[in-house]
Visitor: 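Next up is a structure, given as structure tokens.
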Amino acid sequence: MKAFRVTGTYADPRKTQPFSVEMAAEDEAAVREKALSTIGSKHKLKRWQINITDVAEIPADQVTNHVVKYQIGE
């Protein structure tokens, strides 16, 4: 698995809320799907309300999330 950092915005009722989250997945398509699913379920949002602006693969030494470190084998 690889580590990715997903950044973007989602539609909060009062304003546009930015987000940045680290996730582990096999490829960029899988991490986009996982991000939409996770953010949508946590904040009760539809997929069209979430705007992903960047998906970047990050090296293992830059990962800060402990769960992602475990998933990639660090």
Side-chain angles (χ1 to χ4, degrees):
M1 293 188 108
K2 301 174 191 172
F4 292 91
R5 182 169 290 125
V6 181
T7 57
T9 59
Y10 62 85
D12 188 28
R14 292 175 296 279
K15 62 179 180 174
T16 302
Q17 185 69 35
F19 70 88
S20 177
V21 65
E22 293 177 352
M23 295 185 164
E26 292 297 325
D27 59 357
E28 187 176 329
V31 80
R32 281 181 179 273
E33 179 68 26
K34 190 173 181 181
L36 289 171
S37 175
T38 304
I39 294 167
S41 68
K42 282 186 179 180
H43 298 284
K44 306 268 193 275
L45 300 170
K46 304 291 183 194
R47 290 173 180 259
W48 59 269
Q49 295 173 303
I50 303 168
N51 181 22
I52 295 175
T53 57
D54 186 38
V55 177
E57 186 175 348
I58 56 176
D61 61 338
Q62 292 183 3
V63 176
T64 58
N65 188 326
H66 296 293
V67 175
V68 176
K69 280 186 180 182
Y70 178 77
Q71 289 174 335
I72 63 172
E74 284 294 310

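Along the sequence shown, residues carry numbers from 1.
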Visitor: Which value, rounded to the nearest 0.5 Å, describes the distance between Phe4 atom CZ and Ile72 atom CD1?
Guide: 10.5 Å
Visitor: Glu57: which residues meet the salt bridge (Lys or Arg N to Asp or Glu O under 4.0 Å) condition with it, sequence neighbours left out?
Guide: none
Visitor: Report yes or no: do Val68 and Val6 belong to one cluster of Ile/Leu/Val/Met/Phe/Trp/Tyr joined by side chain heavy-atom distances under 4.5 Å?
Guide: no
Visitor: For residues 12-24, which side-chain donor-acceptor pairs fall under 3.5 Å, sequence neighbours excluded?
Guide:
{"residue": "Glu22", "atom": "OE1", "partner": "Thr64", "partner atom": "N", "Å": "3.0"}
{"residue": "Glu22", "atom": "OE1", "partner": "Thr64", "partner atom": "OG1", "Å": "3.4"}
{"residue": "Glu22", "atom": "OE1", "partner": "Asn65", "partner atom": "N", "Å": "3.0"}
{"residue": "Glu22", "atom": "OE2", "partner": "Arg5", "partner atom": "NH2", "Å": "2.7"}
{"residue": "Glu22", "atom": "OE2", "partner": "Thr64", "partner atom": "N", "Å": "3.4"}
{"residue": "Glu22", "atom": "OE2", "partner": "Thr64", "partner atom": "OG1", "Å": "3.2"}

Visitor: Output the rest of the hydrophobic cluster of Val67: all Ile, Leu, Val, Met, Phe, Trp and Tyr residues reachable through side-chain heavy-atom contacts under 4.5 Å, sorted by chain and number.
Guide: none
Visitor: Tell me the ring-ring contact (aromatic ring centres under 6.0 Å, His included) pairs involving residues 55-74, sequence neighbours left out?
Guide: none
Visitor: Not counting sequence neighbours, list each pair that qualifies as a salt bridge (charged side-chain N to carboxylate O under 4.0 Å, His left out) and has a residue in residues 61-74.
Guide: none
Visitor: Donor-acceptor pairs under 3.5 angstrom involving side-chain atoms of residues 39-55: please list them, not counting sequence neighbours.
Guide:
{"residue": "Ser41", "atom": "OG", "partner": "Ser37", "partner atom": "O", "Å": "3.2"}
{"residue": "Ser41", "atom": "OG", "partner": "Thr38", "partner atom": "O", "Å": "3.0"}
{"residue": "Arg47", "atom": "NH1", "partner": "Glu33", "partner atom": "OE1", "Å": "3.4"}
{"residue": "Arg47", "atom": "NH1", "partner": "Glu33", "partner atom": "OE2", "Å": "3.4"}
{"residue": "Arg47", "atom": "NH2", "partner": "Glu33", "partner atom": "OE2", "Å": "2.8"}
{"residue": "Gln49", "atom": "OE1", "partner": "Lys46", "partner atom": "N", "Å": "2.7"}
{"residue": "Thr53", "atom": "OG1", "partner": "Thr7", "partner atom": "O", "Å": "3.1"}

Visitor: Is the shortest side-chain heavy-atom distance between Met1 and Glu26 below 4.5 Å?
Guide: yes
